[in-house]
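I have placed the structure first, in the form of structure tokens, so that the comments after it can refer back to it.
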2 protein chains.
Amino acid sequence: MVVLTVREHALQVLVVERAKPPFFGRLALPGGFLEDGENLDEAAQRELAEETGLAAEQVHVRQFRGYGGPDRDPRGRVVSVAYVALMPDLPIPTAGGDARAARWEPVAGLLEDPAVLAFDHHRILSDAVEHARDMLSHTTLATTFCPPEFTVTQLREVYETVWGTELDPSNFHRKVTRADGFLVPAGAKAASDGGRRANLYRAGTATQLYPALLREHHSKPGARQEP
Amino acid sequence: MVVLTVREHALQVLVVERAKPPFFGRLALPGGFLEDGENLDEAAQRELAEETGLAAEQVHVRQFRGYGGPDRDPRGRVVSVAYVALMPDLPIPTAGGDARAARWEPVAGLLEDPAVLAFDHHRILSDAVEHARDMLSHTTLATTFCPPEFTVTQLREVYETVWGTELDPSNFHRKVTRADGFLVPAGAKAASDGGRRANLYRAGTATQLYPALLREHHSKPGARQEP
DNA sequence: ACAAAAGTGTTAAGATTACACCCATGG
DNA sequence: CCATGGGTGTAATCTTAACACTTTTGT
């Protein structure tokens with residue numbers, strides 16, 4: 001499970017400290033084995049609940065890739081099916097449950113050094129983040145990083161944090177408020193953050209986003225032939 | 001493996017007739033088990049070679065999803081990692097090799113009746129086709145359905161066949177010939193098909209397509225709130 | 001000459017970008 | 001009053017869609 005959230009202006013991922021070999025004491029992505037009678041999605045939901053105490057409500061869980069290299073686990077051949085989960089910055093009841101010492105860690109730091117995470121989890125995290133970035137372009141899932149009611153600026157900060165870019169506040173505002181089914185006005189206004197109070201919105205019913213939000217400001221198309 | 005091609009104006013998929021139970025005599029997608037020392041991509045390449053006699057050249061192979069429901073194989077718990085392969089309409093040397101009687105079957109017919117394919121292969125095929133459709137929008141992979149040199153019209157027919165839509169020939173022509181790195185002029189001209197002879201192109205070096213090709217003519221955005 | 005396919009031109013509508021500008025709030 | 005953030009207006013540029021129109025070929 002690559003459980004992502006936006007916390008303290010950074011994309012963060014849930015990691016556990018390994019309590020036994022191999023990779024004793026190293027950081028790893030949470031996960032586990034399939035149990036009898038479960039399909040893959042159910043197993044992912046169960047693992048998520050065990051690690052975070054959260055049910056599938058308010059969390060978007062999605063399979064994104066399988067990993068099956070022969071040497072990825074020194075104990076033997078293991079095939080893993082990886083899932084990304086996007087969720088708001090909720091308190092994680094690590095104290096209760098099986099208390100596996102799950103904690104948030106900024107993604108940027110983990111991606112810098114491929115040797116921090118155990119197994120091939122650096123690669124898995126990297127793939128998951130890339131997957132999540134694409135999802136924000138084409139779907140309305142950015143709202144799953146937000147609390148139930150949020151402002152347009154909060155939503156923009158999610159995009160800016162996950163993409164690592166800056167977006168024009170006025171154009172972003174128009175785009176998301178006009179996209180059909182993306183945002184529903186909640187009626188109330190947020191507390192002031194030093195200026196005019198912003199309108200609050202809830203996530204709408206749309207899942208696909210059209211037109212898509214562009215990730216880079218006029219990124220160059222494909223590969224060039226003559227630079 | 002969901003091996004797709006465009007043949008006789010239809011999207012077709014490589015199927016095998018099962019030679020032993022379960023599902024004896026029924027149609028199924030080709031596939032097999034991981035061997036020692038292989039990672040998932042290598043296993044997919046090997047299976048593709050065994051079924052079609054073709055190497056990874058001229059074929060695009062890509063993992064798209066894992067399947068692990070507890071009852072998907074009556075013999076016991078099997079987790080499958082599914083791959084799509086896109087290839088041109090090449091003759092398949094089924095006679096040689098392990099002669100598993102692989103053959104092309106139109107996708108449309110197979111998707112109509114969920115009970116034709118063995119196991120959960122109807123679902124897998126359906127997911128693969130959806131994945132392939134999305135890939136054509138955002139990447140230049142449509143060229144992998146074409147022979148080494150092809151005309152713009154041939155390429156357009158690939159899109160029309162896979163998407164099941166009709167596209168405006170003139171607008172399509174402009175779009176793909178201007179997309180940077182998509183098509184490279186091959187110099188020659190194709191034989192006439194009843195009219196003016198078309199220029200031949202080869203696939204360019206770009207892999208991503210920007211701007212993306214739109215699948216539906218002005219498809220309605222997301223979900224509507226008030227119909 | 002004519003039909004059919006290939007490819008170019010044109011125009012209106014929609015999207016994107018950049019940025020000026022007004023609105024509302026707290027200090 | 002005024003700095004700060006929220007939100008709307010506007011014009012240049014790009015993209016799309018629809019379709020008229022020219023070019024090239026086989027019959």
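Sequence lines set the chain letters: A, B, ... in the order given, protein chains first and strands last, and positions in each chain run from 1.
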[X]: side chain to side chain contact (heavy atoms under 4.5 Å, CB included) partners, not counting sequence neighbours:
X: Thr153(A); result: Thr151(A), Arg156(A), Glu157(A)
X: Ala43(B); result: Leu34(B), Glu38(B), Arg46(B)
X: Ala128(B); result: Val2(B), Phe64(B), Val84(B)

### Task
Would you mind checking if Glu130(A) and Arg215(A) are paired as a salt bridge, meaning a charged N to carboxylate O distance below 4.0 Å?
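Salt bridge present between Arg215(A) and Glu130(A).
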#### Entry: Most 5' of Pro169(A) and Gly195(A) on DNA chain D, judged by nearest nucleotide
Gly195(A)
### Message
Regarding Thr153(A), tell me which of base, sugar-phosphate or nothing describes its non-hydrogen contacts under 4.0 Å with the strands shown.
### Response
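Sugar-phosphate, no base atom in range.
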### Task
Name all residues meeting the side chain to side chain donor-acceptor pair (under 3.5 Å) criterion together with Glu42(B); count only those two or more places apart in sequence or in a different chain, and write none if there are none.
none
### Message
For Arg7(B), give me all partners under side chain to side chain donor-acceptor pair (under 3.5 Å), at least two apart in sequence or on another chain.
### Response
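Only Asp89(B) meet the side chain to side chain donor-acceptor pair (under 3.5 Å) criterion with Arg7(B).
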### Message
With a cut-off of less than 4.0 Å, is there a side-chain N or O of Arg197(B) near OP1 or OP2 of dT25(D)?
### Response
yes
### Query
Quick one: is Asn199(B) getting a side-chain N or O under 4.0 Å of the dA6(C) phosphate, OP1 or OP2?
no
Rounded to whole angstrom units, what separation is found between the [atom1] atom of [X] and the [atom2] atom of [N]?
X: Arg156(B); N: dA5(C); atom1: CZ; atom2: P; value: 10 Å
X: Asp168(B); N: dT15(D); atom1: CG; atom2: C1'; value: 14 Å
X: Tyr210(B); N: dT16(C); atom1: OH; atom2: P; value: 8 Å
X: Asp193(B); N: dA6(C); atom1: CG; atom2: P; value: 6 Å
X: Leu167(A); N: dC19(C); atom1: CG; atom2: P; value: 15 Å

### Query
Counting only non-hydrogen atoms, which of residues 170-178 of chain A are less than 4.0 Å from DNA chain C?
Ser170(A), Asn171(A), Arg174(A), Lys175(A)
### Task
Apply salt bridge (charged side-chain N to carboxylate O under 4.0 Å, His left out) to Arg202(A) and list each qualifying residue two or more places apart in sequence or on a separate chain.
Glu149(A)
### Task
Report the residues that fulfil salt bridge (charged side-chain N to carboxylate O under 4.0 Å, His left out) with Arg62(B), sequence neighbours left out, ordered by chain and then residue number.
none
### Query
Cut-off 3.5 Å, side chains only: do Asp180(B) and Tyr210(B) have a donor facing an acceptor?
no
N/O contacts under 3.5 Å, protein versus nucleotides 21-23 of chain D?
unit_1, atom_1, unit_2, atom_2, d
dT23(D), O2, Arg196(B), NH1, 3.0

### Query
With nearest nucleotides of DNA chain C determined for Leu213(A) and Lys189(B) from heavy-atom distances, which residue corresponds to the more 5′ nucleotide?
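Upstream on the strand: Lys189(B).
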